[in-house]
Amino acid sequence: ELENVVKNPGLCDLVGGIQSVTLGDEEARKRGVQKSILERGGPPTFDVCVEMLERGKWRVHLDVGRAVDLLLAGGSPGGQVRTTDFDGSVLKYTQNPAVSSTLSKPTRDLTLPRTTAGGGGPG
């Protein structure tokens, strides 16, 4: 999960690094947070992140920086949950980062080529 990468000192540089920042009294009140918070230190190495949730199901974060910022602020990073349907097509569900675990109506994206039971494809 993206959260595990953020918490891992050896991997967090991939998402921009994490740094502790001390806010002034006024800024902390304005944001409604404690004076010491965690923020992303810089831009992430990659623009997009794909989390493998299980076979045939994954979550895509199209803006890694935004997803990490939401995580560090104590929210849900959202993203698109994608699954493969019985016919091989990919269904997209957009997860709303403002309301954790809220999924919108699925949409069909594309059809993946089917392979034979032996694993061989055309050709």
Side-chain angles (χ1 to χ4, degrees):
E1 291 185 13
L2 182 60
E3 186 173 3
N4 294 337
V5 174
V6 170
K7 291 179 179 179
N8 186 318
L11 296 176
C12 71
D13 286 342
L14 292 172
V15 295
I18 308 304
Q19 62 187 14
S20 179
V21 177
T22 303
L23 304 174
D25 292 334
E26 186 176 325
E27 184 66 21
R29 260 193 307 274
K30 180 180 161 187
R31 293 188 188 190
V33 297
Q34 298 176 348
K35 289 185 69 169
S36 182
I37 61 171
L38 294 176
E39 286 189 348
R40 185 168 42 93
T45 303
F46 303 101
D47 297 327
V48 177
C49 169
V50 179
E51 295 178 62
M52 295 300 297
L53 302 174
E54 59 188 55
R55 185 180 177 124
K57 184 176 181 180
W58 57 100
R59 180 179 295 120
V60 180
H61 300 282
L62 298 174
D63 185 344
V64 175
R66 181 171 179 266
V68 170
D69 291 344
L70 286 168
L71 269 173
L72 293 174
S76 169
Q80 284 183 349
V81 176
R82 298 182 184 188
T83 60
T84 52
D85 203 1
F86 65 93
D87 64 356
S89 62
V90 176
L91 300 176
K92 290 183 189 178
Y93 301 85
T94 302
Q95 187 171 5
N96 184 344
V99 182
S100 183
S101 301
T102 301
L103 299 177
S104 68
K105 183 178 176 183
T107 57
R108 287 197 188 278
D109 186 29
L110 56 102
T111 301
L112 300 175
R114 307 283 291 175
T115 59
T116 62

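Cluster annotation: Val68 is not connected to Val50 through the hydrophobic network of ILVMFWY side chains, with a link wherever side-chain heavy atoms come within less than 4.5 Å. Put simply, Val48 and Leu11 are part of two different groups of oily side chains (I, L, V, M, F, W, Y) that touch within less than 4.5 Å, one to the next. Note on Ile18: it clusters hydrophobically with Val5, by side-chain heavy-atom contacts below 4.5 Å among ILVMFWY residues. Residue Phe46 is not grouped with residue Leu62 when hydrophobic side chains (ILVMFWY) are merged at heavy-atom distances under 4.5 angstrom, including chains of intermediate members.
The nearest pair of heavy atoms linking Pro44 to Val64 is CB-CG1, 3.9 Å. In plain terms, the two heavy atoms of Met52 and Trp58 that are nearest each other are SD-CB, 4.0 Å. The shortest non-hydrogen separation linking Leu38 to Leu72 is O-CB, 3.8 Å.
Residues satisfying the salt bridge (Lys or Arg N to Asp or Glu O under 4.0 Å) test with Lys57, not counting sequence neighbours, are none.
The backbone N or O of Lys92 sits nowhere less than 3.5 Å from a side-chain atom of Gln80 that would complete a donor-acceptor pair. Judged by distance alone, with hydrogens and angles left aside, the side-chain atoms of Asp85 form no donor-acceptor pair with the main-chain N or O of Asp87 at under 3.5 Å.
When the shell of 6.0 Å around CD of Glu26 is examined, it contains 12 or fewer heavy atoms from other residues, nucleotides or ligands.
Side-chain contact between His61 and Arg66: absent, with no pair of heavy atoms (C-beta onward) separated by less than 4.5 Å.
Each side-chain hydrogen bond (donor to acceptor under 3.5 Å, both in side chains) pair with one or both residues in residues 8-23, not counting sequence neighbours, appears once here: Ser20-Ser36.
Rounded to the nearest 0.5 Å, atoms CD (Glu51) and CG (Leu2) are 5.5 Å apart. With rounding to the nearest 0.5 Å, the separation of CZ in Arg55 from OG1 in Thr84 is 9.0 Å.
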